[in-house]
2 protein chains.
Amino acid sequence: MGILERKLRQKEEVRESILTAAWQLVQEEGWSMLSIRKIADAIEYSVPVIYSHFENKDAIMQEFTKDGFRKLNTTLIQAQSSANHPAEQLTAMAQAYWEFAFQNKEYYQLMYGLGMPTCEAARQMPELGNFVQLLQTTIKDLIAGSKAVDADPFLKFHTFWSLLHGLVSINMVDRTACPDSLHQLVLQDAVRGFIKNV
Amino acid sequence: MGILERKLRQKEEVRESILTAAWQLVQEEGWSMLSIRKIADAIEYSVPVIYSHFENKDAIMQEFTKDGFRKLNTTLIQAQSSANHPAEQLTAMAQAYWEFAFQNKEYYQLMYGLGMPTCEAARQMPELGNFVQLLQTTIKDLIAGSKAVDADPFLKFHTFWSLLHGLVSINMVDRTACPDSLHQLVLQDAVRGFIKNV
DNA sequence: TTATTATTTATAACAGTGTTAGCAAAGGTA
DNA sequence: TACCTTTGCTAACACTGTTATAAATAATAA
């Protein structure tokens with residue numbers, strides 16, 4: 001009796017159509033505009049059908065988060081195998097990570113929970129400008145009193161800010177059995193490395 | 001005629017009460033649970049009154065974003081003035097930045113648009129574990145072939161990931177008249193610095 | 001003080017959202 | 001053909017941000 005198999009196959013097809021419809025809607029209108037009703041309309045089924053495939057909306061989005069990490073991992077492995085020495089491997093992987101993020105913005109936004117609503121708003125905010133200038137001038141001073149006097153302050157500032165923001169936001173997302181004391185060490189190590197490098 | 005003055009004063013009071021009520025609700029239930037109706041209930045006014053003070057919900061949240069940056073700037077200036085040499089200043093500021101983020105989570109979450117819904121979900125995701133391991137082993141190789149053989153791979157990994165994630169997310173939030181070529185330089189410079197430091 | 005005008009405030013609606021209970025229709029089995 | 005199980009839809013619930021409209025209040029003029 002292939003009936004059960006056919007049913008499973010059909011169910012899988014609907015599940016797949018939910019995901020492809022959702023992904024299309026996300027690409028057209030972004031994550032914030034994705035809704036269960038829109039997916040239901042797209043797949044020409046009623047709303048509750050979706051809930052027989054996914055526990056809730058979050059479960060659908062988690063599926064894409066997994067997809068995103070899978071894709072990223074593949075890209076990173078590829079980059080890794082393109083070099084032999086660890087230093088080159090790491091450089092290639094950093095490049096790959098960067099490219100992935102911007103070639104798959106929808107994935108990356110979801111993976112790291114970037115809301116993106118502040119994007120337009122942040123530009124015209126004097127408080128942000130102050131913050132930039134504040135750090136930048138200090139870095140200028142640092143450069144002036146160092147060997148590498150020709151270093152670009154704006155560039156170094158961005159590195160520094162990224163380092164800080166990265167440390168913080170990673171720690172917020174990934175609280176994986178890692179004591180606070182170690183995060184303190186990470187911060188100190190990173191900052192010391194940055195300064196030594198200037 | 002002090003009537004106009006009194007009216008302005010009363011209007012300001014209502015405006016202030018909206019913000020304090022909103023802030024209390026955020027601290028109790030988080031940003032995702034904040035709603036206009038809840039604020040209206042708290043201040044014992046009807047919903048449209050809120051819209052006579054703020055254009056929309058986003059405007060209320062922007063007010064807190066500004067507050068957040070103001071607070072951060074104050075903290076950073078204080079940290080800066082606690083030292084004389086740039087290197088020490090920067091170290092103190094990094095520390096202050098870190099402390100601010102975690103002592104004012106609500107602010108930082110809003111300022112950087114961290115959705116925080118992935119927080120619990122991310123922990124039990126094998127894809128994330130793979131990603132961690134992948135980078136970590138490469139860093140282990142890097143350490144093994146370097147002078148500082150006693151360096152902590154887990155620590156270095158976190159530094160590296162933070163650097164990458166920071167670069168990406170900062171660039172996503174802050175697209176301030178900065179050509180892509182410069183971001184490439186930032187990335188290269190940061191990674192080179194990290195490797196040299198290992 | 002009363003009538004008129006301007007301001008302030010609330011009710012109720014619109015168009016959405018995620019989620020689910022209850023019922024009708026179709027599919028498979030005896 | 002009669003029964004039962006599975007499937008799928010309608011409609012509702014409890015929310016959300018936002019706004020048009022109407023009522024109540026306060027300030028001004030007669």
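Note that the structure is a prediction, hence the values are computed from the model and not measured. Proteins get letters first, then strands, A, B, ... in listed order; numbering begins at 1 in each.
For the side-chain contact (heavy atoms from CB on, under 4.5 Å) test, residues two or more places apart in sequence or in another chain that qualify with Q103(A) are E99(A). In this view, K38(A) and E29(A) satisfy the salt bridge (Lys or Arg N to Asp or Glu O under 4.0 Å) rule, not counting sequence neighbours. Listed by chain and number, the residues in a salt bridge (Lys or Arg N to Asp or Glu O under 4.0 Å) with E63(A) are R15(A) (sequence neighbours excluded). Legend: residues meeting ring-ring contact (aromatic ring centres under 6.0 Å, His included) with W23(B), ordered by chain and number and at least two apart, are F64(B), Y107(B). Looking at residues two or more places apart in sequence or on another chain, you find a side-chain contact (heavy atoms from CB on, under 4.5 Å) between S46(B) and P48(B), V49(B). For E28(B), the side-chain contact (heavy atoms from CB on, under 4.5 Å) partners two or more places apart in sequence, or in a different chain, are Q24(B), L25(B).
In this structure, NZ of K38(A) is placed 14 Å from C1' of dG18(C), rounded to the nearest angstrom. Following rounding to the nearest Å, K57(A) (NZ) and dC15(D) (C1') show an atom-to-atom distance of 14 Å. Spacing between atom CD1 of I60(A) and atom C1' of dT17(C) amounts to 14 Å, rounded to whole angstrom units. Whole-Å rounding puts the I36(A) CD1 to dG16(C) C1' distance at 14 Å.
In this structure, E44(B) places its CD atom where only 12 or fewer heavy-atom neighbours from other residues, nucleotides or ligands lie under 6.0 Å away. Environment of CD in E55(A): sparse, with no more than 12 heavy atoms of neighbouring residues, nucleotides or ligands closer than 6.0 Å.
Sorted by residue number, the members of residues 9-35 of chain A with any non-hydrogen atom under 4.0 Å from DNA chain C read L34(A), S35(A). Scanning residues 44-55 of chain B for heavy-atom distances under 4.0 Å to DNA chain C yields Y45(B), S46(B), P48(B), V49(B).
Annotation: salt bridge (charged side-chain N to carboxylate O under 4.0 Å, His left out) contacts involving residues 136-155 of chain A, sequence neighbours excluded, are absent. Listed by first then second residue, pairs satisfying salt bridge (charged side-chain N to carboxylate O under 4.0 Å, His left out) with a partner in residues 186-197 of chain A read D189(A)-K156(B), not counting sequence neighbours.
Listed pair R6(A) / dG28(C) meets the phosphate criterion, a side-chain N or O lying under 4.0 Å from OP1 or OP2.
Residue whose closest nucleotide on DNA chain C sits further toward the 5' end, between N56(A) and R37(B): R37(B).
Over its length, the helix from dT1(C)-dA30(D) to dA30(C)-dT1(D) turns its helix axis by 30°, as judged from the five terminal pairs at each end, rounded to 10°.
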Side-chain polar contacts of residues 80-92 of chain B - donor-acceptor pairs under 3.5 angstrom, sequence neighbours left out - could you list them?
residue	atom	partner	partner atom	Å
Q80(B)	NE2	T138(A)	OG1	2.9
S81(B)	OG	I77(B)	O	3.4
S81(B)	OG	Q78(B)	O	2.8
S82(B)	OG	A79(B)	O	2.6
Q89(B)	NE2	A83(B)	O	3.2
Q89(B)	NE2	N84(B)	O	3.4
T91(B)	OG1	A87(B)	O	2.7

